[in-house]
Amino acid sequence: LDKEFSNILDELKSNFRPPKALQPIERVEPDSYDKLLKELIFDRKAVATERTKTPEEIAREKAEKLEALERQRLARADGLGEDLGEDLDDADAESEGVG
């Protein structure tokens, strides 16, 4: 068995490939596609913005704004502009924040 061990070992070496870690790594110069791909990996992705409002939502907001402006106009016509103006401005700021 010892005499044939070298023959068996030679046959085993010729039949088996070394693992990938021991194989030499082939360095290939990246082409334009590979370079572009690496650049695109690091590009910033688009971030989400506010969703698009439906025509009904736009009309409702416009109507609310017009009603608030009308209340302000009526308050000014009644001479209460100084008192109600601040309250209506606060209400407008709150309604604009919602949406």
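No experiment lies behind these values; they were computed from the predicted model shown.
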Undergrad: By side-chain contact (heavy atoms from CB on, under 4.5 Å), which residues pair with Leu36, not counting sequence neighbours?
TA: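 Result, side-chain contact (heavy atoms from CB on, under 4.5 Å) vs Leu36: Glu39, Leu40.
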Undergrad: Between the side chains of Arg51 and Glu57, is the shortest nitrogen-to-carboxylate-oxygen separation below 4.0 Å, so that they form an ion pair?
TA: yes
Undergrad: With heavy-atom distances below 4.5 Å as the criterion, would you say the side chains of Glu70 and Leu66 are in contact?
TA: no
Undergrad: Look at the side chain of Glu61 and the backbone N and O of Ile58, then say whether any donor-acceptor pair between them is shorter than 3.5 Å.
TA: no
Undergrad: Could you measure the distance from the CD atom of Glu56 to the CZ atom of Arg60? Nearest 0.5 Å is fine.
TA: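 Separation between the atoms: 10.0 Å.
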